[in-house]
Amino acid sequence: MSRETTLDKIVSLAKRRGFVFPGSEIYGGFAGTYDWGPLGVELRRNVVDTWLRAMKCHDNIAQLDSSIFTAPRVWEASGHVSGFNDPLVVCLSCHSKLRADHLLEAVGVVADEKMSEEELNRLFDGAREKVHCPVCSKQKFGRVVQKNLMATSTLGKFSDEDEEVYLRAETAQGIFINYKNVLDSGFYSIPFGIAQVGKAFRNEISPRQFLFRKREFEQMEMQYFVSPVEAPHAYEEWRKERFAYYDLLGITQEKLQWKRHENLVFYAKDAWDIQYEYPFGWSELEGVHYRGDYDLSQHQKFSGVDMSYLDPDTKDRYIPHVIETSVGVDRTVLMVLCESYSEDEMNGEKRVVLRLHPRMAPVKAAVFPLLKNKPDLVSKAREVYAMLKKSEPRVMWDDNGNIGKRYRRQDEIGTPVCITIDFQTLEDGSVTVRSRDTGEQIRVASSELPKLIGS
Ligand code: GAP
């Protein structure tokens with residue numbers, strides 16, 4: 001099975017079984033957007049809850065939910081208005097809008113993020129003979145132009161003279177502008193972190209690879225504020241923790257690797273990404289970056305508000321340094337789907353199975369009556385189902401088709417166990433529990449079920 005086939009199969013399963021739907025599908029779609037279906041909502045929530053739980057294990061991590069809209073100056077201070085660009089080139093044959101750096105990368109030419117438009121055009125001109133449009137295969141392109149990725153809005157803007165308003169391009173800026181508020185609340189002192197989960201918006205030139213590059217997406221970011229002296233050690237600790245974290249999601253360590261940024265942006269002291277081996281190759285999942293005092297200094301400069309911290313013990317005054325961990329919810333869900341998708345054969349029948357870690361599974365168990373037309377079985381099964389649902393709402397009732405079909409359907413959505421209520425249940429209260437991964441069936445007392453499914 002080729003890598004691209006796997007992604008196609010995942011996209012198709014995600015739609016068929018209600019994980020992810022293309023955005024605005026009945027109107028022909030809307031590029032860079034996807035809608036979470038019933039199972040996707042649960043899987044996404046499992047991803048977010050696991051991340052938040054890992055953050056909350058630290059007693060010095062605060063939470064925040066800042067607004068999507070902020071004063072425009074925030075994005076001038078952060079450098080996004082002037083420097084958050086991607087190079088756009090248009091195919092003159094099919095009019096597709098493409099990322100010039102991605103086209104160059106495909107022919108082995110690396111464009112530096114810091115290059116000016118002139119430099120990019122020189123680089124592109126030098127490689128024109130090798131570059132093909134990925135949509136129509138032709139080789140006629142226009143000039144490369146730098147396009148700002150900030151999405152704009154008319155919120156509170158009533159005339160052309162009113163300032164340009166932006167949707168946030170990262171949740172991090174909401175954290176920086178609230179750092180003082182959290183500190184002044186009196187429960188935290190340096191070192192401490194602020195964690196936030198929320199939507200971000202970017203005018204991506206070519207959204208692609210399913211959930212990997214969207215225009216509306218979600219980030220889980222944590223900014224750790226620390227003294228300049230302690231920052232290098234804290235950075236190493238966070239790097240170790242974030243890499244080990246993916247075990248909780250059932251990701252094999254061999255499918256993860258570190259990649260150091262070769263060209264550091266001028267303010268970054270060090271920058272590493274955790275990459276996952278997606279079906280389209282090793283790509284960024286999470287950034288763990290040491291940003292120095294750049295962000296707080298910029299906001300101090302632009303807002304006039306003092307961002308320094310007075311150490312109560314040493315009496316040193318400094319602008320805290322920032323260590324950032326930043327990962328996309330969508331890229332994590334895509335990784336979890338890629339990691340768990342498999343095709344195998346069970347009892348001589350081919351099946352598709354999502355071998356999701358139980359923590360990630362959107363449905364923790366499915367409950368079936370052996371036969372749907374036997375009232376005694378159905379009522380006993382309903383009783384077991386209601387009992388389980390009280391302690392774990394993520395259980396599913398399924399009486400559609402024969403048992404084999406129900407197993408296949410539950411395998412496809414990654415349900416770890418299926419519970420069947422049969423004639424013996426009526427006699428002794430025991431039920432059959434069938435494992436998704438091995439197909440093995442065991443009999444257990446129905447009173448044992450809540451413990452067995454971990455609720
Ligand atoms: N505050 C730092 C920051 O925003 P970034 O590398 O631009 O850094 C962080 O984004 C993470 O957000 C990425 O590692 C990725 O997981 C996710 N992300 C970024 N752009 C995305 C997009 N267009 N679609 C989906 N996820 C995206």
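The first residue in the sequence is number 1, and the count goes up from there. Atoms within each ligand, like the ligands themselves, are counted from 1 in listed order.
Of the protein's heavy atoms, Phe217 CE1, 3.5 Å lies nearest to atom 18 (N) of ligand 1. Atom 9 (C) of ligand 1 has Ser326 OG, 3.0 Å as its closest protein atom, hydrogens excluded (heavy atom only). Looking from atom 25 (C) of ligand 1 to the surrounding protein, the closest heavy atom is Phe212 O, 3.2 Å. For atom 24 (N) of ligand 1, the closest non-hydrogen atom on the protein side is Lys214 N, 2.9 Å. What sits closest to atom 6 (O) of ligand 1 on the protein, heavy atoms only, is Glu284 OE2, 3.0 Å.
For an aromatic pair to be called close, the ring centres must be under 6.0 Å apart, and Tyr276 with Trp282 fails this.
With a 4.0 Å heavy-atom cut-off, ligand 1 is reached by the backbone of Arg213 and by its side chain too. Here Glu221 has side-chain heavy atoms under 4.0 Å from ligand 1, and that is the only part of it that gets that close. Heavy atoms of Ala172 found under 4.0 angstrom from ligand 1 belong exclusively to the side chain. Contacts with ligand 1 closer than 4.0 Å are made by backbone heavy atoms (N, CA, C, O) of Leu285 only, the side chain lying farther away.
For Arg331 and Phe212, the positive end sits near the middle of the six-membered ring, less than 6.0 Å away and at most 45° from its axis.
Distances from atom 12 (O) of ligand 1 to the heavy atoms of Gln173, Gln219, Glu170 put Gln219 nearest. Scanning Arg202, Glu324, Glu218 for the heavy atom closest to atom 5 (P) of ligand 1 points to Arg202.
Between Asp295 and Arg291 a salt bridge is recorded (basic side-chain N to carboxylate O distance below 4.0 Å). Taking the charged nitrogens against the carboxylate oxygens, Asp125 and Arg122 have no contact shorter than 4.0 Å, which rules out a salt bridge. By the 4.0 Å N-to-carboxylate-O rule, Glu343 lies close enough to Lys9 to be salt-bridged with it. A salt bridge links Asp86 with Arg99; the closest basic N to acidic carboxylate O contact falls under 4.0 Å.
Applying the side-chain contact (heavy atoms from CB on, under 4.5 Å) test between Leu256 and each of Gln275, Glu277, Met335, Glu286 identifies Met335 as the sole match.
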